[in-house]
Amino acid sequence: MKKVFKIAVASGKGGTGKTTVSVNLFTKITEIYTSKTVLVDCDVEEPNDLIFFPQAAIKSTEKVFQTIPVINEEKCRFCRKCVSYCEFNAIVVIPPAKFAEINANMCHSCGACTFACEHGAITEVQNMIGNITNYDIGIGNGLTEGKLKIGSAMQTMVIKKMKPGINGENEIIIFDAPPGTSCPVVATVTDSDYILLVTEPTPFGLHDMKLMIDLLRKIEKPFGVIINKAGLGNLEVYDYLKKENIELLAEIPFDKDYAGKYASGNLLNNVPENISKIYVDLVNKIIARFNNV
Amino acid sequence: MPRRRRHRRIVAPPGFQGYKPYGTVGESAEHISLFYEEYEAIKLADYDLLKHEEACELMGVSRATFARIYESARRKIASALVETREIKTVFGNAVLDNDWLFCHNCSAKFTMPSNLTEQKCPVCKSDKIDFLNKLKI
Amino acid sequence: MKTAITSKGNGTSAQFDLRFGRAAWFCVIDDETGNTEFFENDCANLSGGAGIKASEKMAELGVAKVISGDFGPKAKEYLNKFNIQMVILSNDSSSIETIISKLKG
C-alpha cells in the first residue's frame, strides 16, 4: 500500500496562525512537492480555510448524523432507570407528570439508556449534527471541510466521520486542527504522523503550547514547533524549546502588511519573498521527515 | 370589530434606544418610532439573510404580514435618513420569546405560566407589574 | 401551593443562593401550612445539566413557583414546560427567613 503522510497543524492557544500555516503549507507542498495533497479543516465549530480559496466549487456534500434515543411516553413506565444510566444528564423523567424526554443537545449517543430500558420505550433516531463538504479549489486534491450544526456538542463525531471520506489519492494530508487541547483536538491529531505546533512568542502562546506538548508526549506523537509572529512578545518560548530540546522548525516574522492581507482574505497572493522562502524550507524539512518514515 | 392584532414574536429587543443624525443644519423634525417588530424584520431579512418564508415563521405571523412589517420598517428608516429625523425604538406589537415581567414595587422579575390567572407579583402581590422589555423604551 | 427558594444552607437563617441549578439547597414552603422543608441539591456539582436536573426535581416536588437569582437557558426551557413560575430576585443577599416573610406580605 502507498504511504500517506498525515500532518496536523495544532496550537493550544487560538489565533496563533494555524490556518495561515495550514493554507500556506498546503499550497507550497502542491507547488514544490506533490499535487496529491489535500487540506482538511477540522475546526468544525468555525471552519475558515475556505475563505482563502474564493475559487472553491463544491464537489460533494455529506450530512453527518448522530444517533439519539427518543422515549415513547406511551410505553414508558417512568421507572427512571435510563436517567440513572445517563452520564450526561440528558434525560428528564418526572413520574407524577408522566413526562419523559431526552435532550438531544446534551446526548452523547452512548446508547446506555436504550440498553437500560426494560420496556422497549426507547428507540433511536438519526439527528443531523453537521455537514462534510469536499471542495475543488484548483490546487492539489482540494479542501475537505467539516461544519458542526450550532448547538451540537459532537465535534469529535464530525471529525471522525470526516477522515475516511477524504477524497482523492493522497500522499500528504494536512489537518487544520481546532484550537485548545480538548477532545476535538485529540480526535484530529490522534491518527496523524506528525504534528506542527504553531505558537506565538507571548506568555499565553507559551503556556498553551506547554499544555499541547504535555498532551502530545502522553499520546506519543512526534512534533515540531513553528513560531509565528516572531519579533513580538518576549524570548521565553525560545528558552523553553532549547531547555526541552524541541525542534524549532520555522520562525515566521510578524509583518503588518501581510497581516492586513490575511484580514482581507488575500492570504495566498503576494506572499512576501522572505516568508515564501520560510515555507519552502519548512516543506523540505517535512518531506525529509516523510521520506525517513 | 376589527380582527385582533396577532402579537409578533421577537427574539430580543434592539440593543439601542434610538439613532440620532449628526452634522445636520437646523432643527430636525419630530422623531420616527421604529417598532421592535420592524427592527426584528429588518434583522431577519437583511442581516440574518433569511427568506421571508422563514422569517415570518420565526415571528409567528403570515408571510403577507411579515412583508408589510418589513416594508413599513424600510420606509421608516428611509424617511429618517432623507428627512434627517431621529429614530426611536418603540415596543409596538411585539412579544418577546420568553415573557418576563417586572414588579415596580419590589423589583422582582418573574414569568407568568399560562395556567396562572392572577396577574400579580408573586412576591409582594402588587399589581404594579409590567413586561420587562417594555421598560427598555 | 408550594414555593421553592434556593438556599445556601439547611435552615431558614441561611442565605439566599443566587444560582438555581447549582444552588446548595432548596427550601420548599407550603403556602397553606407555612411549613418549610429543606432538600439538598445533589446535582450542584455536576459537570453539565444541573439546570435540567434541578428543574426535574422542582416538578417532582410539585413546586409551582421557584425563587432564585437567575435561571440558565435549559432550566428556563424545562420550567416553562412544566408551568412552573420563575421569580428572579437579583442582588439579594438576604436570608431565607426574610424572603419568606416578604412572601407572606
Side-chain angles (χ1 to χ4, degrees), chain A residues 45 66 68-74 76-114 116-117 121-122 127 129 148-157 180-184 186, chain C residues 1-4 6 17 19-33 35 37 39-68 70-86:
Chain A
E45 282 172 275
Q66 171 193 13
I68 54 156
V70 174
I71 303 180
N72 179 346
E73 284 184 327
E74 272 160 29
C76 179
R77 309 278 177 85
F78 307 96
C79 68
R80 297 179 55 93
K81 193 172 172 194
C82 56
V83 178
S84 66
Y85 268 61
C86 183
E87 186 68 18
F88 307 101
N89 306 312
I91 309 180
V92 179
V93 175
I94 297 162
K98 297 239 176 295
F99 179 92
E101 191 184 271
I102 295 171
N103 189 314
N105 285 339
M106 309 278 291
C107 176
H108 282 52
S109 305
C110 68
C113 54
T114 317
C117 187
I122 299 182
N127 181 30
I129 54 162
L148 187 73
K149 212 172 116 189
I150 293 171
S152 173
M154 300 305 292
Q155 298 91 334
T156 50
M157 192 173 271
T181 44
S182 58
C183 307
V186 178
Chain C
M1 198 179 87
K2 281 186 194 168
T3 301
T6 48
D17 200 322
R19 301 161 307 170
F20 172 62
R22 299 188 187 282
W25 292 76
F26 296 110
C27 168
V28 177
I29 309 141
D30 191 313
D31 292 0
E32 275 136 47
T33 62
N35 288 342
E37 211 179 331
F39 297 91
E40 189 164 9
N41 180 10
D42 30 59
C43 300
N45 294 321
L46 291 181
S47 59
I52 296 184
K53 289 283 131 183
S55 313
E56 188 184 53
K57 187 152 191 170
M58 293 301 109
E60 234 169 86
L61 294 169
V63 165
K65 176 159 88 188
V66 189
I67 303 178
S68 188
D70 209 348
F71 300 90
K74 291 196 192 89
K76 275 182 190 164
E77 184 190 330
Y78 283 98
L79 291 172
N80 265 333
K81 221 174 249 179
F82 305 143
N83 276 331
I84 296 173
Q85 186 173 34
M86 288 172 263

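Reminder, nothing fancy here: chain letters follow the sequence lines and each chain counts from 1.
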Exercise for review: I would like to know whether C/I52 and A/N89 meet side chain to side chain contact (heavy atoms under 4.5 Å, CB included); could you show each step before the answer?
Suggested key: CA-CA 8 Å; C/I52 296 184; A/N89 306 312; 5.8 Å; no
**Study point:** Those residues that, when tested against A/E101, pass side-chain hydrogen bond (donor to acceptor under 3.5 Å, both in side chains) (two or more places apart)
**Key:** C/Y78, C/K81
**Study point:** Set of side-chain hydrogen bond (donor to acceptor under 3.5 Å, both in side chains) partners for A/T156, sequence neighbours left out
**Key:** none
Review point. If you check every heavy atom in residues 21-31 of chain C against those of chain A, which residues fall under 4.5 Å?
Key: none
Point to revise | Max heavy-atom pair count under 4.5 Å with chain A, selected residue of C/G62, C/G49, C/S55, C/C43 | key: C/G49
Point to revise | Donor-acceptor contact present, side-chain C/E56 to main-chain A/V93, <3.5 Å | key: yes
Exercise for review: Select one option (side chain, backbone, both, neither) describing which atoms of C/K74 are under 4.5 Å from chain A's heavy atoms.
Suggested key: side chain
Exercise for review: Using the salt bridge (Lys or Arg N to Asp or Glu O under 4.0 Å) rule, collect all pairs that involve residues 84-95 of chain A, keeping only residues at least two apart or in two chains.
Suggested key: none
Point to revise | Distance in Å, C/K53 NZ paired with A/I91 CD1, rounded so as to fall on 0.5 Å steps | key: 7.5 Å
